[in-house]
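What follows is a short report on a single structure.
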Amino acid sequence: PQDYAEAVKWYRLAADQGIAMAQNALGFMYLSGKGVPQDYGQAHMWFNLAAAQGDELAREARDLVADMMTPSQLEQAQLLARAWLAAHP
């Protein structure tokens with residue numbers, strides 16, 4: 001059996017070190033609600049961070065998630081990404 005919560009824990013550790021693949025994986029975990037509550041804002045944030053590093057799949061996923069969000073939600077997700085970048089120079 002898969003332990004999605006455990007996967008999220010390890011993805012987050014790697015994502016916080018700036019690893020785009022882990023950031024992309026976290027985006028999909030938040031998008032699908034596996035191991036974490038489904039959260040389009042968090043999904044967008046992680047996809048956005050990975051896309052900023054050139055991850056094409058993350059860019060496409062970020063754009064798809066953005067289409068499911070309100071302008072207010074999108075603005076909040078972008079603020080989250082900026083805050084993460086400020087905290088992880």
Side-chain angles (χ1 to χ4, degrees):
Q2 295 182 351
D3 186 344
Y4 292 116
E6 184 73 8
V8 166
K9 176 182 121 180
W10 290 105
Y11 284 141
R12 185 173 307 277
L13 288 171
D16 281 342
Q17 294 181 31
I19 299 172
M21 184 183 79
Q23 292 168 338
N24 188 37
L26 268 180
F28 280 107
M29 299 298 268
Y30 277 103
L31 178 62
S32 64
K34 292 184 177 175
V36 291
Q38 186 179 44
D39 185 329
Y40 290 157
Q42 285 288 319
H44 187 280
M45 179 194 82
W46 289 113
F47 288 141
N48 199 19
L49 293 168
Q53 295 187 68
D55 187 312
E56 184 63 23
L57 180 59
R59 185 193 62 76
E60 292 173 11
R62 178 200 61 201
D63 293 347
L64 288 172
V65 172
D67 289 341
M68 296 185 276
M69 299 170 71
T70 66
S72 171
Q73 290 172 320
L74 187 54
E75 181 180 346
Q76 183 62 32
Q78 291 167 341
L79 289 173
L80 288 172
R82 283 189 213 111
W84 186 92
L85 286 170
H88 301 85

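Note that the numbering runs from 1 along the sequence shown for the chain. These figures come from a predicted structure and were not determined experimentally.
- Applying the 6.0 Å contact sphere to CE of M69 captures more than 12 heavy atoms from other residues, nucleotides or ligands.
- Counting heavy atoms from C-beta outward, F47 and N24 have side chains that approach closer than 4.5 Å.
- Taking the six-membered ring for Trp and the full ring otherwise, the centers of Y40 and Y30 sit at least 6.0 Å from each other.
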Determine all donor-acceptor pairs shorter than 3.5 Å in which one atom belongs to a side chain in residues 60-68; sequence neighbours excluded.
residue: R62; atom: NH1; partner: N48; partner atom: OD1; Å: 3.2
residue: D63; atom: OD2; partner: R59; partner atom: NH1; Å: 3.2

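- Minimum heavy-atom separation, A77 to G41: CB-O, 3.5 Å.
- Within the model, atoms CE of M21 and CG of L26 stand 11.0 Å from one another, a figure rounded to the nearest 0.5 Å.
- Looking only at distances, a side-chain donor or acceptor of Q38 sits under 3.5 Å from a matching main-chain atom of L31.
- Y4 meets the ring-ring contact (aromatic ring centres under 6.0 Å, His included) test with no other residue; sequence neighbours excluded.
- The shortest non-hydrogen separation linking A22 to A15 is CB-N, 3.6 Å.
- Applying the side chain to side chain donor-acceptor pair (under 3.5 Å) test to pairs two or more places apart or on separate chains, those with a residue in residues 79-89 are D16-W84, W84-H88.
- Inter-residue side-chain proximity for M29 and Q42 is flagged as unmet; no heavy-atom pair is nearer than 4.5 Å.
- In terms of heavy atoms, A43 sits closest to G27 at CB-O, 3.4 Å.
- Q73 places a side-chain N or O within 3.5 Å of a backbone atom of T70 that can act as its donor or acceptor partner.
- Under the 4.5 Å side-chain heavy-atom criterion for ILVMFWY residues, a single connected hydrophobic cluster contains both L80 and L49.
- Residues L74 and H44 have side chains in contact (heavy-atom distance under 4.5 Å, counting atoms from C-beta outward).
- Q23 has its side chain out of reach of I19: every pair of non-hydrogen atoms, C-beta onward, lies at least 4.5 Å apart.
- A58 and A50 get closest at one heavy-atom pair: CB-CB, 3.5 Å.
- Around CD of E75, the count of heavy atoms belonging to other residues, nucleotides or ligands within 6.0 Å does not exceed 12.
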* To do: Give the C-alpha distance, both sets of side-chain angles, the deciding distance and a yes or no for side chain to side chain contact (heavy atoms under 4.5 Å, CB included) between W46 and R12.
  => CA-CA 10 Å; W46 289 113; R12 185 173 307 277; 3.4 Å; yes

